[in-house]
Number of protein chains: 2
Amino acid sequence: MSGNPTDLRVVRTKQAIRAALIALIEEKGFEAISVKDITERANINRGTFYSHYEDKFDLMDKCQEQLLKEMETKIVPNIPKLIEETKKHEAGPMPIAVLMPFFEFLHANQSFMKALLGPKGDAAFQVKMKECLNRGMFGPENAIFNADGLLVPPRYLASYIASAHIGVIQEWLNGGAIEPPEEIARIISAMTIHGPLFAAGIRKKR
Amino acid sequence: MSGNPTDLRVVRTKQAIRAALIALIEEKGFEAISVKDITERANINRGTFYSHYEDKFDLMDKCQEQLLKEMETKIVPNIPKLIEETKKHEAGPMPIAVLMPFFEFLHANQSFMKALLGPKGDAAFQVKMKECLNRGMFGPENAIFNADGLLVPPRYLASYIASAHIGVIQEWLNGGAIEPPEEIARIISAMTIHGPLFAAGIRKKR
DNA sequence: AACTAAAACGACAGTTTGTTTATTATCTTA
DNA sequence: TAAGATAATAAACAAACTGTCGTTTTAGTT
């Protein structure tokens, strides 16, 4: 079994597999990919693949887990801060600065994020990412949304916000992530704070 | 080739295949399904499957197309009416009545919708459904969102709203669609009109 | 430079696939 | 209701992919 994670050969092989996976998901979607496809694209022997992963699902899981872990540990802790700031100056602009690490992370992992969130990607990953975002908003450090005065059940509020944000991110990545992360942070904030219809110019009153 | 769509045998077979597909997607996800799985579950001969569909992807496509067509032709024409109503009484409650056919359609097609939009479903279907919703909001009959005064680029507005709505629908279906369609229509409307943060009780001012 | 571990190679049986044949069952319609 | 048409079944096929092994070669580590 190939285990040593510092051995350059292992590092190289895993990188090649990962890159091949990303490219192939974008090309024909995860379900249409065979292990043979991956190893041919990565220029490695098929047997080598099986010494690192059980099958293509195992590979997918491990890649996603790594990504989500990074997302969670680096990004999510900021969300409570964000909501706190928002509460302070209620009518003011959103404190975008606190969102930036998240969007910069997405930008840095563009290709994989695009593949996973794209039309040929994985619906399960979207669910995991929503859970990740929701832990930030509804987690134990954060009693805000658990308070009274909600017009809607909390789980629908969470679904709405998380899905909306992921939707914008999908659109951003799908268009090649041309706009800088700050711009996307501003766009998302505007809609979540003021409501999408106000952002659309339909509801003028505030 | 088996073609006659009125022959009872054909109708029965296609129904069985479709039901098997839905059940299996929920159980192990589309990518893990084999044609053999489908025909065993449907209690039909494997050869029979191939006389109706090219492969499992063809089956999936045809089932989705049927669903989306129904969604589009029956539901989407109502959206312009909806926005018009919303503009009239700006601060009033959303005219939920006009949304009802859409949510009743979802409720009637619960099992398939749940399978397609669930964690083991198809990311491409979500994209198609978003496009369906967006055609309603940004279509030619409807110049509202093309007007000036947008705080954000229109495609991000569209992505935000469509994804948010689908997210709530996913949550609804995933929980067994316990709430009646009217309730979900009300919940979604509240968040889209007033903004999710207002609905959360965080932003009190209007 | 020697040691060690990873990668390549080639072979294996077991599945699934898509196609085709002949046979049986069942629907339509006259 | 009987005759003819056609859909479904059953069984067999090569081709492709899978997951696993044992052996040999290559390359990184010390």
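Computed from a predicted model, the values in this text were never measured in an experiment. Quick note on labels: first sequence line is chain A, next is B, and so on, each numbered from 1. What's counted below: heavy atoms across the whole structure, side chains too, no hydrogens, waters or symmetry copies.
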Between [X] and [Y], does any side-chain N to carboxylate O distance fall below 4.0 Å?
X	Y	result
R155(B)	E179(A)	yes
E182(A)	R186(A)	no
K28(B)	D37(B)	yes

TODO: State which of dG19(D), dA7(C), dG18(C) makes the closest approach to the side chain of T13(A).
DONE: dA7(C)
Open item on the list: Which nucleotide wins on minimum distance to the side chain of T48(B), given the candidates dT19(C), dA8(D), dA8(C)?
Closed with: dA8(D)
In whole Å, what is the span from the [atom1] atom of [X] to the [atom2] atom of [N]?
X	N	atom1	atom2	value
E40(B)	dT15(C)	CD	P	12 Å
I38(B)	dT17(C)	CD1	C1'	13 Å
E31(A)	dT16(C)	CD	P	18 Å
L8(A)	dT30(D)	CG	P	10 Å
F57(A)	dC17(D)	CZ	C1'	13 Å
I17(B)	dA7(D)	CD1	C1'	12 Å
N45(A)	dT18(D)	CG	C1'	14 Å
R9(A)	dA27(D)	CZ	P	9 Å

Check the phosphate of [N] against [X], side-chain N and O only, distance under 4.0 Å to OP1 or OP2. Yes or no?
X	N	answer
S51(A)	dA6(C)	no
Y50(A)	dT20(D)	no
R12(A)	dG28(D)	yes
H52(B)	dA7(D)	no

TODO: Hey, which sits more toward the 5' end of DNA chain D by its nearest nucleotide, I33(A) or G47(A)?
DONE: I33(A)
Task: Nearest-nucleotide comparison on DNA chain D, the residue closer to the 5′ end among V11(B) and K36(A) - done: V11(B)
- [ ] Using a heavy-atom cut-off of under 4.0 Å over every strand shown, decide if D37(B) touches base, sugar-phosphate, or nothing.
- [x] nothing
Open item on the list: Considering every strand and a 4.0 Å limit on heavy-atom distances, what is the contact class for S34(B): base, sugar-phosphate, or nothing?
Closed with: sugar-phosphate
Task: Check: R46(A) side chain, dA8(C) base, donor-acceptor under 3.5 Å - done: no
- [ ] Give a yes or no on whether a donor-acceptor pair under 3.5 Å exists between the nucleobase atoms of dA6(C), that is its base, and the side chain of D7(A).
- [x] no
Open item on the list: The test is ring-ring contact (aromatic ring centres under 6.0 Å, His included); show your working for F57(A) and F30(A) and say whether it passes.
Closed with: CA-CA 9 Å; F57(A) 300 100; F30(A) 180 69; 5.7 Å; yes
Task: 5' precedence on DNA chain C between V10(A) and E54(B) (nearest-nucleotide basis) - done: V10(A)
Open item on the list: Checking side-chain polar atoms at under 3.5 Å, does Q170(A) have a donor or acceptor matched by the opposite partner on K130(B)?
Closed with: yes
- [ ] Answer with yes or no after comparing the ring centroid distance for Y156(B) and Y160(B) against a 6.0 Å cut-off, counting only values under it.
- [x] no
Open item on the list: Under the criterion side-chain hydrogen bond (donor to acceptor under 3.5 Å, both in side chains), I'd like the reasoning laid out for T13(B) against H52(B): C-alpha separation, chi angles, the key distance, then a yes or no.
Closed with: CA-CA 9 Å; T13(B) 299; H52(B) 290 292; 4.8 Å; no
TODO: Measure from NZ or CZ of K62(B) to the centre of the six-membered ring of Y53(B) and say whether it is under 6.0 Å with the direction within 45° of the ring axis.
DONE: no
Open item on the list: Report for the helix from dA1(C)-dT30(D) to dT17(C)-dA14(D): angle between first-end and last-end helix axes, five pairs each, rounded to 10 degrees.
Closed with: 30°
